[in-house]
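What follows is a structure written as structure tokens; I'll ask about it next.
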Amino acid sequence: MPGGNLKPAILKPMPQGLSLSNFRAVLFDVDGTLVDSAEMFVRGLGDTYEKYADIRPAREQILALMGVPLSKQLELFQERKPTSEKLEEMIAYAIERYAVYEEHESHFEAAIETLRMCHGQGLRTALVTSKNATELEGFLKRFTGKDFVDTTVCASDVHHPKPAPDSALLACQRLGVQPAEAVFIGDSIYDMRCARSAGTASVAVAYGAAHKDTLQAEQPDLLLETPEELLDWARSAFLEKTCRERGS
């Protein structure tokens, strides 16, 4: 069970104004939210730029692109926009390079435990990612939390991926909920803008690629700084719900 080795947390006071118990669905971003894929991302995308653009951008430049669909990432640093055939070749190469560096990907166990807990408490759950279908398929084969996911939405599923609202709206549709009944948890400005445009609540997590101040500027409904804070927030909400039900 994901998170099985986690030590019992000391519950902190729940942030005022936003409780998981008020929602029917939770949408989770993937990279930087549930898994730490930064090193895999930097190395794989760096190799791809080096091969096709004869440049290896600085680590910070590459990290700033997390949350952008791969097809859009690969149009950058080019003298001219690649043809569709060339872009497909570049995408395939980038995915190959990511596979080479898979060992550098790790799970945020407390975040995955949050996913498991939400699913176990009857909330509908979705992964909403900027990965394309091929990337997502490969990821799900190694993702320890896949059994707690009701549906997925990737960049290939919509005409306009994050930060447009389409991905979150499609996730809500597939889960059978209204946007106002869902909360989107993510680590990038693209997640926050997608949530805001779609009409879901937003929780920013500042342990991924984006800096806390950058995320705060997007005015999320809640900002949490560690996976453990995310888990504490979930536990507090469900404990409050249990106490309320027992008292009724």
Side-chain angles (χ1 to χ4, degrees), residues 18 23-35 37-38 41 45 48 61-78 81-82 84 87-88 90-91 94-95 98 111 115 123-140 149-206 208-211 213-223:
L18 194 70
F23 297 98
R24 294 181 58 208
V26 190
L27 317 181
F28 288 87
D29 171 55
V30 175
D31 296 297
T33 301
L34 293 172
V35 297
S37 53
F41 178 75
L45 197 55
T48 308
Q61 288 179 285
I62 297 179
L63 284 176
L65 298 174
M66 289 193 77
V68 177
L70 182 56
S71 59
K72 297 299 182 182
Q73 293 168 348
L74 294 177
E75 291 179 352
L76 302 174
F77 306 106
Q78 306 288 329
K81 185 175 181 178
S84 57
L87 186 59
E88 287 302 315
M90 294 164 68
I91 288 172
I95 293 174
Y98 289 150
L115 168 64
L123 295 179
R124 304 286 287 162
T125 58
L127 302 185
V128 179
T129 176
S130 292
K131 292 179 183 294
N132 63 34
T134 302
E135 290 178 283
L136 180 59
E137 181 182 7
F139 168 75
L140 288 174
V149 177
D150 292 315
T151 194
T152 64
V153 175
C154 68
S156 306
D157 293 329
V158 294
H159 290 299
H160 304 289
K162 297 184 284 186
D166 304 35
S167 298
L169 292 175
L170 180 57
C172 290
Q173 179 183 328
R174 289 178 173 177
L175 294 176
V177 302
Q178 295 299 314
E181 298 175 303
V183 56
F184 194 158
I185 302 172
D187 76 307
S188 77
I189 61 174
Y190 310 108
D191 299 322
M192 298 303 100
R193 293 173 185 178
C194 175
R196 182 167 60 247
S197 298
T200 72
S202 59
V203 173
V205 293
H211 191 274
D213 293 341
T214 301
L215 291 170
Q216 195 67 69
E218 296 296 320
Q219 299 183 318
D221 295 302
L222 180 65
L223 187 145

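What's counted below: heavy atoms across the whole structure, side chains too, no hydrogens, waters or symmetry copies.
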Is any side-chain heavy atom of Ile91 less than 4.5 Å from a side-chain heavy atom of Ser71? yes
When you measure from the side chain of Lys131 to the backbone N and O of Asp31, does any donor-acceptor pair fall under 3.5 Å? no
List the atom of Tyr190, the atom of Ala64, and the distance in Å for their closest heavy-atom pair. OH-O, 3.9 Å
Distance col, row Ile185:CD1 vs Phe28:CZ, nearest 0.5 angstrom, shows 4.0 Å
Does Gln73 use its side chain to pair, donor to acceptor, with the backbone of Val68 at less than 3.5 Å? yes
Check whether any side-chain heavy atom of Ser188 sits under 4.5 Å from a side-chain heavy atom of Asp191, and report yes or no. yes
Tell me if a side-chain donor or acceptor on Asp166 pairs with a main-chain N or O of Pro161 at a distance below 3.5 Å. no
Minimal non-hydrogen separation, Pro69 against Lys162, with atom names: CD-O, 4.2 Å
CG of Leu45 to CD of Gln61, rounded to nearest 0.5 Å, is 11.0 Å
Which atoms form the tightest heavy-atom contact between Gly208 and Asp187, and what is the distance? CA-OD2, 3.5 Å
For Cys154 and Leu136 the tightest heavy-atom approach is CB-CD2, 3.9 Å
Any heavy-atom pair between the side chains of Asp221 and Phe184 that's under 4.5 Å? no
Between Arg24 and Arg124 (side chain of the first, backbone of the second, donor and acceptor by atom type, cut-off under 3.5 Å), is there such a pair? no
Can Arg196 and Glu218 be counted as an ion pair, charged N to O under 4.0 angstrom? yes
How about Thr152 and Thr129: do any of their side-chain heavy atoms sit closer than 4.5 Å? no
Approximate separation, where rounding is to 0.5 Å, of Glu135 CD and Ile95 CD1: 5.0 Å
Look up atom CE in Met66 and atom OG1 in Thr33, then write down how far apart they are to the nearest 0.5 Å. 8.5 Å
Reported NE2-to-CD1 distance for the pair His211 and Ile189, which is rounded to 0.5 angstrom: 14.0 Å
Minimum-distance pair of heavy atoms, taken over all atoms of Phe41 and Leu65: CZ-C, 4.0 Å
Quick one: does Leu127's side chain get under 4.5 Å of Leu34's, heavy atoms only? yes
Can Tyr98 and Thr48 be said to form a side-chain contact (heavy atoms from CB on, under 4.5 Å), step by step? CA-CA 10 Å; Tyr98 289 150; Thr48 308; over 6 Å; no
Say you draw a straight line from CG of Leu223 to CE of Met192; how long is it, rounded to the nearest 0.5 Å? 8.5 Å
Main chain of Asp150, side chain of Thr125: is a donor-acceptor contact present, judged purely on distance under 3.5 Å? yes
With a 4.5 Å heavy-atom cut-off, do Val26 and Leu115 have their side chains touching? no
Do you know which two heavy atoms are closest between Gly32 and Ser37, and how far apart they sit? N-OG, 4.4 Å
With a 6.0 Å cut-off (strictly less than), is the heavy-atom count around CD of Gln178, excluding the residue itself, greater than 12? no
Side-chain (Asn132) to main-chain (Ser156) donor-acceptor, under 3.5 angstrom: no
Checking Thr200 side chain against Pro179 main chain: does a donor-acceptor pair fall under 3.5 Å? no
I'd like to know if the side chain of Ser130 and the backbone of Gly67 have a donor-acceptor N/O pair within less than 3.5 Å. yes
